[in-house]
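Report on the following structure.
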Number of protein chains: 2
Amino acid sequence: MNTLSTDLRAIKTRAAIQSHFIDLLLEKNFNEITVKDIARAANIGRGTFYLHYTDKFDLLGKLMDEGLKSATDNFQPKAYFKEGKVLPERLVGYALKMFDHFQEHERFYRAMLFNEGISSFRYRMQQSYLKKFRHEIQELSQANRMSDPITMEILPIFISSGMIGLVGWWFKNNMRISKEYMARKVFQVMTKGPLQVLGFAIDEEGEDELRKK
Amino acid sequence: MNTLSTDLRAIKTRAAIQSHFIDLLLEKNFNEITVKDIARAANIGRGTFYLHYTDKFDLLGKLMDEGLKSATDNFQPKAYFKEGKVLPERLVGYALKMFDHFQEHERFYRAMLFNEGISSFRYRMQQSYLKKFRHEIQELSQANRMSDPITMEILPIFISSGMIGLVGWWFKNNMRISKEYMARKVFQVMTKGPLQVLGFAIDEEGEDELRKK
DNA sequence: AAAATTGATGAACACTGTGTTCATTAGTTA
DNA sequence: TAACTAATGAACACAGTGTTCATCAATTTT
């Protein structure tokens with residue numbers, strides 16, 4: 001396993017390995033994929049694989065890292081708030097950009113999100129987004145009256161987890177729903193909460209009683 | 001692999017395998033756990049393992065199924081709404097019951113949620129909760145004016161994903177936050193949305209403009 | 001363009017874990 | 001007590017792993 005060789009041959013080999021590995025992930029369980037399979041698919045000798053990666057877990061891990069890095073780099077935090085107020089159009093635009101990204105890297109996300117044998121991608125993806133959102137929210141709320149620290153911890157978790165669930169569903173439905181619709185729903189959930197979006201009203205008396213405790 | 005033998009010896013063996021397997025999961029990566037390891041930990045012969053499970057994936061899968069079934073069976077849908085209105089105290093109670101369950105089965109959830117090598121537990125857990133929530137919400141909204149079908153699909157996804165993210169965080173923090181606090185936050189997010197809970201206001205002009213499009 | 005460097009090849013190797021078989025032992029049920 | 005059946009442990013063939021090495025071939029460098 002070499003440390004990033006820039007030799008043309010090495011670059012081509014790594015590209016072939018990665019691309020065919022994703023193909024394999026799309027068609028069968030990661031557990032059932034052998035280094036032999038990968039080498040055969042990429043048209044290289046099995047030994048050559050070990051010149052670049054220590055094992056298939058190493059390959060998978062590096063793919064994940066690259067993919068997640070490219071994702072978070074891509075979403076530059078536009079100012080979607082102003083004087084403590086969320087700007088709906090900006091927030092929708094931000095969500096839209098995320099869906100653009102997912103669509104562009106469809107093969108990667110399908111492989112990573114749906115392969116039965118893949119460990120921890122959803123978790124790593126969530127951690128990656130969580131970090132991003134937490135950072136943004138902290139910056140945004142600096143100028144304003146803030147919520148308690150635990151709330152500041154918890155809410156970004158809800159947002160990042162929810163987004164990943166949503167994207168998974170969107171792919172499962174072959175992206176039939178427009179990105180615009182999805183982005184707008186994300187906005188609604190963020191600002192009103194799932195139950196109100198679903199059309200439920202909240203009993204005010206009950207809420208008052210809760211507050212007393 | 002037998003079909004549920006009720007022989008005392010068989011029951012004891014299965015219990016030993018399952019319990020020690022969870023121990024192993026708590027201390028090392030699933031990928032690195034061999035059948036030999038499991039057999040040694042459970043004090044049985046390696047061949048005996050194969051009398052009960054076809055391989056370690058089979059064991060893992062069965063553990064997951066049992067655990068997830070016991071979870072959803074546990075949350076009996078109390079009527080946390082009335083005439084289209086959500087009853088806060090009831091909803092908080094429902095969330096509280098979920099946290100009770102997670103605490104009770106801490107070892108199981110820690111093993112399943114945090115083992116690096118475990119594939120798809122989070123996904124299966126989400127699917128399991130999704131099914132449950134979708135069903136409940138559909139029943140609840142039968143009598144009332146409903147949202148469009150896509151919204152009915154999407155929102156439960158947000159809820160189930162968010163809950164799982166939250167529980168993971170709660171465990172990571174060694175359950176330092178009280179279940180009561182967690183349940184109340186869940187209620188707030190459900191009814192107000194993450195951004196309002198965080199203290200952000202929504203710009204109304206921008207919202208109006210969005211609606212026009 | 002020639003020389004030096006480095007990647008790729010394929011065969012060979014020891015090793016680890018897998019899943020199965022089978023005769024024997026020992027615990028459980030009727 | 002007798003009949004049953006789970007557990008044992010050793011043996012087996014097999015598949016995949018990760019490494020080595022001499023040789024060939026592509027690429028940089030001079």
Side-chain angles (χ1 to χ4, degrees), chain A residues 1-64 66 115-119, chain B residues 1-64 66 115-119:
Chain A
M1 203 197 45
N2 293 329
T3 35
L4 44 116
S5 147
T6 54
D7 193 306
L8 244 174
R9 291 167 295 176
I11 292 169
K12 274 186 191 170
T13 306
R14 277 198 292 268
I17 289 175
Q18 295 196 0
S19 167
H20 289 95
F21 178 55
I22 290 184
D23 286 343
L24 286 172
L25 285 176
L26 288 168
E27 71 187 41
K28 66 172 169 172
N29 194 310
F30 173 72
N31 297 312
E32 289 161 5
I33 297 174
T34 66
V35 173
K36 202 177 168 183
D37 290 335
I38 300 169
R40 187 161 29 78
N43 272 308
I44 56 162
R46 194 169 63 86
T48 307
F49 176 91
Y50 293 105
L51 252 34
H52 297 277
Y53 303 98
T54 58
D55 52 31
K56 65 174 183 168
F57 300 101
D58 181 42
L59 167 58
L60 179 66
K62 282 177 178 159
L63 256 189
M64 285 184 183
E66 274 182 41
N115 189 294
E116 276 280 311
I118 281 196
S119 15
Chain B
M1 203 194 47
N2 292 331
T3 35
L4 44 119
S5 147
T6 53
D7 192 306
L8 243 175
R9 290 167 295 175
I11 292 169
K12 274 186 190 169
T13 306
R14 276 197 293 269
I17 290 175
Q18 294 195 1
S19 167
H20 288 96
F21 178 55
I22 291 183
D23 287 344
L24 286 171
L25 285 175
L26 288 170
E27 72 187 42
K28 67 172 168 169
N29 195 310
F30 174 72
N31 297 313
E32 289 161 4
I33 297 174
T34 67
V35 173
K36 202 177 169 183
D37 290 336
I38 301 168
R40 187 161 30 77
N43 272 308
I44 56 163
R46 195 168 62 87
T48 308
F49 177 91
Y50 293 106
L51 253 34
H52 297 279
Y53 303 99
T54 58
D55 52 30
K56 65 174 183 169
F57 300 101
D58 181 42
L59 167 57
L60 179 66
K62 282 175 177 157
L63 255 189
M64 285 184 184
E66 273 181 43
N115 189 294
E116 276 280 311
I118 280 195
S119 16

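Chain naming here is simple, since letters A, B, ... match the order of the sequence lines and numbering starts at 1 in each.
- In this structure, A:Ile33 atom CD1 and D:dG16 atom P are separated by 13 Å, rounded to whole Å.
- Summarising the geometry, the separation between CG on B:Asn43 and P on D:dA7 is reported as 13 Å, rounded to the nearest angstrom.
- Each of B:Val35 and A:Ala10 was matched to the nucleotide of DNA chain C holding its nearest heavy atom; the match closer to the 5' end belongs to A:Ala10.
- One atom, CG of B:Asn31, and another, P of C:dT16, lie 19 Å apart when rounded to the nearest Å.
- When the side-chain nitrogen and oxygen atoms of A:Ser5 are compared with OP1 and OP2 of C:dG7, one or more of them lie within a distance under 4.0 Å.
- Spacing between atom CG of A:Asp58 and atom P of D:dT17 amounts to 14 Å, rounded to whole angstrom units.
- Between the NZ atom in B:Lys56 and the CZ atom in B:Phe21 there is a gap of 7.5 Å [rounded to 0.5 Å].
- Side-chain atoms of B:Ile33 and B:Ile38, non-hydrogen and from C-beta on, do get closer than 4.5 Å to each other.
- The distance between atom CD1 of A:Ile11 and atom P of C:dT6, rounded to the nearest whole Å, is 15 Å.
- The phosphate of C:dG7 (OP1 or OP2) has no side-chain N or O of A:Thr13 nearer than 4.0 angstrom.
- In this structure, B:Tyr50 atom OH and D:dA10 atom P are separated by 17 Å, rounded to whole Å.
- Atom P of nucleotide C:dA8 and atom CZ of A:Phe49 are separated by 13 Å, given to the nearest angstrom.
- For the atom pair A:Glu27 CD and A:Asp23 CG, the distance stands at 7.0 Å (nearest 0.5 Å).
- Here the CD1-CG distance, from B:Ile118 to B:Leu25, works out to 4.5 Å after rounding to the nearest 0.5 Å.
- Annotation: of the two residues near DNA chain C, B:Thr34 and B:Asp7, the 5′-most nearest-nucleotide partner is B:Thr34.
- Distance CZ/A:Phe49 to OG1/A:Thr34: 10.0 Å, rounded to 0.5 Å.
- Atom CG of residue A:Asp37 and atom CG of residue A:Leu24 lie 6.0 Å apart, to the nearest 0.5 angstrom.
- The CD atom of A:Gln18 lies 11.5 Å from the OG1 atom of A:Thr13; values are rounded to the nearest 0.5 Å.
- Here D:dT27 is the nucleotide among D:dA6, D:dT27, C:dG7 with the atom lying nearest to any side-chain atom of A:Leu8.
- A:His52 has its NE2 atom 8 Å from the P atom of C:dG7, to the nearest Å.
- Between the base of D:dG18 and the side chain of A:Arg46 there is a donor-acceptor pair shorter than 3.5 Å.
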Give me the distances for all protein-to-nucleotides 20-25 of chain D N/O pairs that come in under 3.5 Å?
none

